[in-house]
Amino acid sequence: MDETAKRHCTGEVGGGSGGEKGGGSSYGDFEPSMGRFTDHIIIDVLEKMDLASLCTAACVSPTFNSAVAYRLPFVSSSDLSGFYLDEETLKHVVRRVPGAKSLTIECLRMRNDSSIINILGEHIEVLSLLKCTHLSYDILRAIGERCPNLRSLLIEFAGCDAPELFKRKLAEMLQKVPLLESLSITIRGTSHDVFDVRPLGQFLPPSLKKLKLQQTDTHLFVLWLDAVRKIPLFNLRNLSLVLDLISDDLLITVVQSLPHLVELDLEDRPFTLSSVGDLTNIGLQALKFCECLIALSIVRSKMNCPASLTRVDNKGMFHVSEGCKRLESVKLGGFAKVTEAGYSSILYSCRNLKKFEVLTSPLLSDSVIDNMTGVARKCEKVTDMGIKSLFHADRKICKTLSVLDVGYIPKITDATIFTIATAAKALTDLSLRFCNGVTDAAVQMLMDRPNHNSSQLQMLDLCSCRGLSAEAIMLPLPLYAFHRLRWLGIGLTDIVAKRGIFSVIWEARPRLVVCGVCCDFGCCDGWQWHKVR
């Protein structure tokens with residue numbers, strides 16, 4: 001949604017005036033040509049559009065403006081993720097879509113609970129509250145009281161180290177949402193484990209099918225899962241956890257307790273380099289008993305220390321490829337002893353595979369790239385030629401790839417950026433973090449070509465690209481530079497030190513969030529530590 005669309009979405013755009021071009025005007029021959037289409041055809045087309053597309057269409061002509069005004073009250077889903085709205089703007093947007101059963105909101109600029117409480121209601125069935133920097137745990141109680149028909153809740157807190165308060169408010173909410181099918185709660189920035197999940201077993205709705213918790217203790221979760229699986233009708237299909245350690249005991253307990261699991265997402269963040277109790281090939285072998293599994297993600301994060309999964313080798317990957325042939329999505333990270341042979345076994349055995357992502361794999365090289373749809377974060381043997389091969393001979397990926405992360409790959413240079421910008425016609429999100437071979441020339445190319453593929457970018461991560469100078473982003477910004485961009489990461493670069501950089505960009509692109517503190521891509525992690533203007 002560009003600036004004009006945003007203004008229309010908040011009620012600031014009306015019809016055009018005088019002879020001006022732009023949203024709502026009847027400039028040229030476009031408006032008379034709309035008479036060829038009947039109202040029901042236009043409405044039928046608009047019904048297939050999301051909110052952002054509707055707001056853009058409304059700026060095309062008075063005919064579309066009127067049709068969208070008719071359509072907005074019937075929009076069932078409002079996804080505002082990626083748009084960092086303030087409380088007043090959010091109120092305007094939500095007022096235009098009063099019947100929305102699904103709401104997704106970026107809360108980075110919401111200053112208190114009331115900004116969200118005031119828009120809650122019985123009509124909401126799916127609620128996602130992202131980056132809740134200033135919201136308290138009391139919002140959980142309010143959600144339970146005002147949204148009794150809630151079926152899905154995703155909420156991200158910046159923690160306040162009050163685990164007992166959190167558990168009390170969560171228990172209050174769970175007792176009032178009997179239809180809840182999906183629960184995802186993330187608490188970031190706390191020094192204590194807030195997910196002692198054991199006391200919550202008695203309040204889990206029997207309808208719950210999807211559970212995501214971050215962060216929890218492995219031992220406590222194993223004990224909890226062993227207990228709650230005895231609850232009648234308890235039948236999780238989707239489990240996502242961030243833990244202190246992924247162990248064989250955890251994986252075996254999950255498989256035994258949840259045999260009908262469809263999606264399993266595990267990430268651990270160990271505090272020591274010790275491999276005692278670590279995941280081994282035996283744990284991966286147990287996955288063969290999850291016969292319904294179609295999505296698997298196992299990642300070791302280096303957030304707390306540079307640890308790797310050293311007790312899993314190619315044999316563990318062979319177990320996965322032989323026992324989980326129905327997999328459609330695979331994400332693996334931190335497997336230091338797995339080579340191309342291990343990864344290739346999954347690629348060749350899982351015939352339904354649509355997504356395959358590898359992170360922090362020191363033994364991965366270009367030779368396996370031809371079989372992948374993408375690569376990510378410290379694959380040291382991957383080069384510009386490997387990335388270029390992804391877009392070889394006008395592959396389908398050239399027209400469909402929207403997100404690409406080539407961060408932490410030391411051999412990536414400007415050549416890769418030129419390849420991506422030329423070949424990736426649908427690319428909206430690009431991460432180049434810690435690519436020291438990227439220079440000012442690549443950034444200028446991304447900025448200066450308004451009709452090029454690069455003009456579609458909505459998120460760009462340049463964090464810790466040491467090859468960039470303070471002049472990598474020209475000031476003042478060219479008219480078309482980054483005109484669709486919603487988020488720009490420039491942490492740990494010389495750009496941050498440039499005088500007035502933040503205020504100048506803010507004045508030119510008030511809806512653009514510029515992160516100068518090296519958050520994860522899109523401030524998915526790290527937002528709890530800094531403020532946004």
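Computed from a prediction, not measured in an experiment: that's the story for all the values here. For reference, positions follow the sequence shown, starting with 1. Atoms considered below: every heavy atom in the structure, side chains included; atoms not considered: hydrogens, waters and symmetry mates.
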> Do you know the tightest heavy-atom contact between Lys498 and Ala470?
Replying inline: CD-O, 3.1 Å
>> For a quick test of reading the model, state the closest non-hydrogen atom pair linking Cys465 to Thr493 and the distance between them.
In response: N-CG2, 3.7 Å
> Between Glu267 and Arg269, is there a side-chain N and carboxylate O pair less than 4.0 Å apart?
Replying inline: yes
>> Before you tell me yes or no, could you show the steps for Val299 and Leu266 under side chain to side chain contact (heavy atoms under 4.5 Å, CB included), namely the whole-Å CA-CA distance, both residues' side-chain angles and the distance that decides it to 0.1 Å?
In response: CA-CA 6 Å; Val299 174; Leu266 301 176; over 6 Å; no
> Applying the side-chain contact (heavy atoms from CB on, under 4.5 Å) test to Leu432, which of Asp461, Val443, Ile417 qualifies?
Replying inline: Ile417
> Are a donor atom and an acceptor atom from the side chains of Ser247 and Asp249 found within less than 3.5 Å of each other?
Replying inline: no
>> Would you compute the distance between atom CE of Met110 and atom CG of Leu130 and round it to the nearest 0.5 angstrom?
In response: 11.5 Å
> If you look at every heavy atom in Tyr408 and Cys435, which pair is closest and at what distance?
Replying inline: N-SG, 4.3 Å
> If you look at every heavy atom in Leu135 and Phe157, which pair is closest and at what distance?
Replying inline: O-CD2, 3.9 Å
> Has the side chain of Asp244 got a donor or acceptor atom that lies under 3.5 Å from a matching backbone atom of Thr218?
Replying inline: yes
> If we only count heavy atoms from C-beta on, is the Asp248 to Asp278 side-chain gap below 4.5 Å?
Replying inline: no
>> Does this structure show an ion pair linking Lys337 with Asp313, if we count only N-O contacts that are shorter than 4.0 Å?
In response: no
>> Looking at Ser308 and Thr310, would you say the former's side chain and the latter's main chain have a donor-acceptor pair under 3.5 Å?
In response: no
> How many angstroms lie between CG in Asp113 and SG in Cys107, if you round to the nearest 0.5 Å?
Replying inline: 10.0 Å
> How many angstroms lie between CZ in Arg484 and CG in Leu512, if you round to the nearest 0.5 Å?
Replying inline: 14.5 Å
> When rounded to the nearest 0.5 angstrom, what distance separates NZ in Lys210 from CG in Leu153?
Replying inline: 11.5 Å
>> Ignoring hydrogens, what is the shortest heavy-atom contact between Leu279 and Arg311? Give both atom names and the distance.
In response: O-CB, 3.5 Å
> What distance do Ile495 atom CD1 and Ile473 atom CD1 have between them, rounded to the nearest 0.5 Å?
Replying inline: 4.0 Å
>> Once side-chain contact (heavy atoms from CB on, under 4.5 Å) is applied, do any residues pair with Ala307, and if so which ones, sequence neighbours excluded?
In response: Pro270, Leu273, Arg300, Cys305
> Atom NZ in Lys411, atom CE in Met385: separation rounded to 0.5 Å?
Replying inline: 13.5 Å
> Between Thr413 and Asp384, does any side-chain donor sit less than 3.5 Å from a side-chain acceptor?
Replying inline: yes
> Hey, mind stepping through Val496 and Ile501 against side chain to side chain contact (heavy atoms under 4.5 Å, CB included) and telling me if it holds?
Replying inline: CA-CA 7 Å; Val496 176; Ile501 181 73; 5.9 Å; no
> Taking only residues two or more places apart in sequence, or in another chain, which ones meet Phe221 in a ring pair (Phe, Tyr, Trp, His ring centres under 6.0 Å)?
Replying inline: Trp224
>> Looking at every non-hydrogen atom in both residues, tell me the closest pair between Leu251 and Leu284 and how far apart they are.
In response: CD2-N, 3.9 Å
